[in-house]
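Order of the sequence lines sets the chain letters (A, B, ...), proteins ahead of strands, with each chain counted from 1. As the structure is a computational prediction, the values presented were derived from the model and not from experiment. Atom set for the values below is all heavy atoms of this structure, side chains included, hydrogens, waters and symmetry mates excluded.
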2 protein chains.
Amino acid sequence: MPRQVDHDERRRQLTEALLRIASTRGLQAVSMREIAAEAGVSLRVVQYYFTNKQALLESGLTELGARMDRRVKQRAAAAADELTPRGVFAAVLGAILPFDEQSELDSMAWTAYYTAALTDPALAAVGVTLPNALENFLTARLTAAQQAGDIDPDRDPRTEVAGLLALANGLTSSVLSRQRSHAAATEIIDYHLDRLFGPAAA
Amino acid sequence: MPRQVDHDERRRQLTEALLRIASTRGLQAVSMREIAAEAGVSLRVVQYYFTNKQALLESGLTELGARMDRRVKQRAAAAADELTPRGVFAAVLGAILPFDEQSELDSMAWTAYYTAALTDPALAAVGVTLPNALENFLTARLTAAQQAGDIDPDRDPRTEVAGLLALANGLTSSVLSRQRSHAAATEIIDYHLDRLFGPAAA
DNA sequence: GTTGTTAGGATACGACTGTATCCATTCCGG
DNA sequence: CCGGAATGGATACAGTCGTATCCTAACAAC
């Protein structure tokens, strides 16, 4: 199969192989040769479709962001019939927590990338996009809910959202390290949503 | 200086050099030779006082835990005159958040270790000690406060504590990545403490 | 059919890794 | 004062890393 290769598809396969390694053995275990082996191709192929290791890493982070985005939208669509402000928050925060094997693997990889980004400006630039978008989106929703009179007027929407996102991230960490179950984490999230929106509808 | 060397002191210096590298350039930048250079000694010295790189890494994690423990006790002592249950929580959670340059560096290193521990069982074993101790300690305090009638009797102490610790960890992440200032993070913590204990005394 | 571009196999380079070894100091105890 | 242990300098080893190069197939267009 020498001519006519779908480059985007090839790159997608390699990126997925990279994320598989990063989520199970950590980002420090990711090497060009390991990716090649994981994807079942030669080292040359990895070099051929990505100019750099850096480009490969950035591709992995972009893909992780896209997956998270997909999960949020999927959850929002699943609860579309009851799209209250609380429902939106439950969907987004519930999509951040690892809730099945794949999302747990992705959370592992995300955590690895987050840590790497603390000392790698190039990754940081790619990585802040999604968290900022989430915060702005939720803040806008909460502000709207407040203006509609659905929540206490003397709460600061951005502060509330920042707290909830930080809580979800911290809970994700504790779920990944097996300190807490997914159910326990969800319970804590729900508890805080109750405090903000009032008790959930049946 | 051939005979009579204080081994513990030597190991402490090397461990500090290790943490300086881990907190500024990440754990993946930590190598035997880099530690030697940072500490101003030869590679042989690093080998001589630590049998392994693994032993060195574990020493770094232990030291980080000790520092955190010291910070908590220091804050508790500083607020010893007003050691209300809320004061204890404010001290512990305030010690988790990065509040000065050194604690920020330590938080960076802690984050790096946390991530490494997700794929390295040996580090995980060392690393869970402190978080578990903190959770148990705070849960005991909150249970006592509840029995004394200081907080709402239908709250679950362990759930509350788990939420607060997760919140503090998540806020730490956002402070490290410059998404939020220390002041903003502290404000969010205080806000949640108000919800739990009632408004703070003047 | 020839030509030229695309796709990848094979191999090599220099840098860096953790670890091991050899050897020269320096000092304590006898 | 002298033998032996403690300390550490210098160097080497076998791997692995990212990257570069060389060369050969395979197909499209002419």
Side-chain angles (χ1 to χ4, degrees), chain A residues 1-22 24-61 112-113 115-116 119-123 126, chain B residues 1-22 24-61 112-113 115-116 119-123 126:
Chain A
M1 63 214 76
R3 248 313 190 65
Q4 225 68 335
V5 176
D6 186 337
H7 280 225
D8 286 343
E9 172 62 14
R10 262 294 201 227
R11 273 191 274 265
R12 207 181 54 78
Q13 290 172 353
L14 293 173
T15 301
E16 284 177 2
L18 153 60
L19 289 180
R20 249 176 280 138
I21 298 170
T24 53
R25 286 181 286 154
L27 215 43
Q28 95 291 342
V30 170
S31 75
M32 298 291 221
R33 284 165 239 259
E34 283 295 328
I35 294 173
E38 174 71 29
V41 298
S42 76
L43 170 60
R44 186 65 234 274
V45 171
V46 181
Q47 284 188 288
Y48 191 76
Y49 290 97
F50 287 93
T51 58
N52 255 347
K53 187 184 183 184
Q54 187 68 25
L56 204 24
L57 289 178
E58 291 175 15
S59 165
L61 184 47
Y113 267 109
T115 302
T119 52
D120 181 345
L123 285 182
V126 181
Chain B
M1 61 213 80
R3 251 305 192 69
Q4 225 67 338
V5 174
D6 185 336
H7 280 225
D8 287 343
E9 170 63 14
R10 226 40 169 149
R11 274 192 273 265
R12 210 181 50 79
Q13 291 172 353
L14 293 174
T15 301
E16 285 177 0
L18 153 61
L19 289 180
R20 248 175 280 137
I21 298 170
T24 54
R25 286 181 286 153
L27 215 44
Q28 95 291 343
V30 170
S31 75
M32 298 290 220
R33 284 163 238 259
E34 283 294 327
I35 294 172
E38 174 71 30
V41 298
S42 77
L43 169 61
R44 185 67 233 275
V45 173
V46 181
Q47 284 188 285
Y48 191 75
Y49 290 96
F50 287 93
T51 59
N52 254 348
K53 187 184 182 183
Q54 186 68 25
L56 203 25
L57 288 177
E58 290 175 14
S59 166
L61 185 48
Y113 267 108
T115 302
T119 52
D120 181 346
L123 287 181
V126 180

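- Within the 4.5 Å cutoff, the side chain of B/Asp120 has heavy atoms near those of the B/Gln54 side chain.
- Considering only side-chain N and O atoms, B/His7 lies under 4.0 angstrom from the phosphate OP1 or OP2 of D/dT7.
- B/Arg11 places its CZ atom 12 Å from the P atom of D/dG8, with the value rounded to the nearest Å.
- Between A/Glu58 and A/Asn52 there is no side-chain heavy-atom pair separated by less than 4.5 Å.
- In this structure, B/Arg20 and B/Thr24 have side chains that are not in contact, with every pair of non-hydrogen atoms separated by 4.5 Å or more.
- Rounding to whole angstrom units, CG of residue A/Asp8 and C1' of C/dA7 are separated by 16 Å.
- Between B/Asp6 and B/Arg12, every side-chain heavy-atom pair lies at or beyond the 4.5 Å cut-off.
- Closest contact between the side chain of B/Tyr49 and the listed nucleotides C/dT6, D/dT7, C/dG9 involves D/dT7.
- A side-chain contact (heavy atoms from CB on, under 4.5 Å) with B/Gln13 is found for exactly one of B/Glu16, B/Arg10, B/Arg11, namely B/Arg10.
- Rounded to whole Å, atom P of D/dA6 lies 16 Å from atom CZ of B/Arg10.
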Assign a letter to each nucleotide of nucleotides 17-23 of chain D from its 5' end: B, base within under 4.0 Å of a protein heavy atom; S, sugar-phosphate only; -, no contact.
BBBBBB-
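- Nucleotide D/dA25 holds its C1' atom 13 Å from the OH atom of A/Tyr48, rounded to whole Å.
- Atoms CZ (B/Arg25) and C1' (C/dC16) sit 14 Å apart, rounded to a whole Å.
- Using modelled atom types, no side-chain atom of B/Tyr113 and backbone atom of B/Leu27 make a donor-acceptor pair closer than 3.5 Å.
- Within the 4.0 angstrom heavy-atom criterion, no nucleotide atom of any strand lies near B/Phe50.
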